[in-house]
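Numbering of residues begins at 1 and proceeds along the displayed sequence.
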Amino acid sequence: MDHLDELEAQSIYILREAFARLKKLALLWSLGKDSNVMIWLARKAFFGRVPFPALHVDTGKKFPEMYAFRDRFGKEWDLDLKVEPCPPIDAVDPTLPPAARSAARKTEGLKWALNKYGFDGLIAGIRRDEEATRAKERVFSPRGLEGGWDVRDQPPEFWDQFNASVPQGAHLRVHPILHWTEADIWAYTKRENIPIIPLYLSKEGKRYRSLGDADITFPVASTASSIDEILTELDGTKVPERAGRALDHETEDAFERLRVAGYL
């Protein structure tokens, strides 16, 4: 197998382990390149159909292109799509910086969805190379009663031996693409011909490398108008993937505070 085959096989193994060992599972669909690859992998893992809901925790502030993508491919991929709202910004921690406070609405919306559906497992499309705090994650990551994450109390994972025991009254986060890189995501997207949102491609000298809420996500300078050009650009750039996310430019601990509280 080549590199992408090995990544795919490992991710499919993780998805099948989660499905076999957890009672009530959902896949978090943020509509971006990573979660679209996750859905593609889940369809492969389960012979063409995702056997658990795709959950979109909707802030109501995504780009119009993202909502159009969701509406089209939610139907084309035959997803059991559940769209759950987020609370108003007044309901979240007022001590957080502005962008982090806006992002925290998603954490609270996710807690509402967990209470509503009683999921004991959530599949999330985070990667270790995205951000320093995410580099500390496990593939099967236990969460507390309020969805919190204790970075100091993570189970060891050796040789694909995963601890899938769900904390009493809480849930596990499952990360099937944790070991992938941004370049891997794009190379696999190209190989599999996975649909993408046009915002990822350059227009007038700018494109988005990471997609979130429209008011706290900004494009970066780029001339890459195809996946091949994106891969070439990534090979030589030193600009972080999340450079266009306002959240990542706020106080040093803002992102970690969100993650500890249950943010993706």
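One N or O on the side chain of D2 and one on the backbone of L4 form a donor-acceptor pair closer than 3.5 Å. In terms of modelled atom types and a separation under 3.5 Å, the side chain of S11 and the main chain of P176 share a donor-acceptor contact. Here the side chain of R128 pairs a donor or acceptor atom with the backbone of E137 at under 3.5 angstrom. One N or O on the side chain of H175 and one on the backbone of R138 form a donor-acceptor pair closer than 3.5 Å. Although no hydrogens or angles enter the test, the distance criterion places no donor-acceptor pair under 3.5 Å between the side chain of E6 and the main chain of H3. In terms of modelled atom types and a separation under 3.5 Å, the side chain of S225 and the main chain of L201 share no donor-acceptor contact. Side-chain atoms of S35 come within 3.5 Å of backbone atoms of S30 as a donor-acceptor pair (strictly under, hydrogens ignored). Judged by distance alone, with hydrogens and angles left aside, the side-chain atoms of Y200 form a donor-acceptor pair with the main-chain N or O of K33 at under 3.5 Å. A side-chain donor-acceptor contact under 3.5 Å links N36 to the backbone of L31.
The pair R105-E108 fails the salt-bridge criterion, with no side-chain N (NZ, NE, NH1 or NH2) lying under 4.0 Å from an Asp/Glu carboxylate O. Look at D120 and K23 and you find no salt bridge, because none of the NZ, NE, NH1 or NH2 atoms lies under 4.0 Å from a carboxylate O. Contact check on E229 versus K190 returns no salt bridge, with no Lys/Arg side-chain nitrogen under 4.0 Å from an Asp/Glu carboxylate oxygen.
Separation of the F218 and Y208 ring centroids does not fall under the 6.0 Å cut-off.
Looking at residues two or more places apart in sequence or on another chain, you find a salt bridge (Lys or Arg N to Asp or Glu O under 4.0 Å) between E76 and R72. Remark: D58 engages R70 in a salt bridge (Lys or Arg N to Asp or Glu O under 4.0 Å) (not counting sequence neighbours). Partners of E84 under the salt bridge (Lys or Arg N to Asp or Glu O under 4.0 Å) rule, at least two apart in sequence or in another chain, are K116. Residues meeting the salt bridge (Lys or Arg N to Asp or Glu O under 4.0 Å) test with K24, sequence neighbours left out: none.
Sequence neighbours left out, the pairs with a member in residues 177-187 that pass salt bridge (charged side-chain N to carboxylate O under 4.0 Å, His left out) are E182-R209.
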Atom pairs and distances, side-chain donor-acceptor, residues 40-50, under 3.5 Å, sequence neighbours left out:
residue, atom, partner, partner atom, Å
W40, NE1, E192, OE1, 3.0
K44, NZ, E8, OE2, 2.7
K44, NZ, E192, OE1, 2.9
K44, NZ, E192, OE2, 3.4
R49, NE, D78, OD2, 3.2

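Placement of W112 and V83 in two distinct hydrophobic clusters is found when ILVMFWY residues are connected by side-chain heavy-atom separations under 4.5 Å, directly or transitively.
Heavy atoms only, all atoms of each residue included: A224 and E233 are closest at CB-OE2, 3.9 Å.
The aromatic rings of H56 and Y67 sit tilted relative to each other, their planes meeting at an angle between 30° and 60°. Using cut-offs of 30° and 60° on the angle between ring planes, the pair W29 and W77 is tilted.
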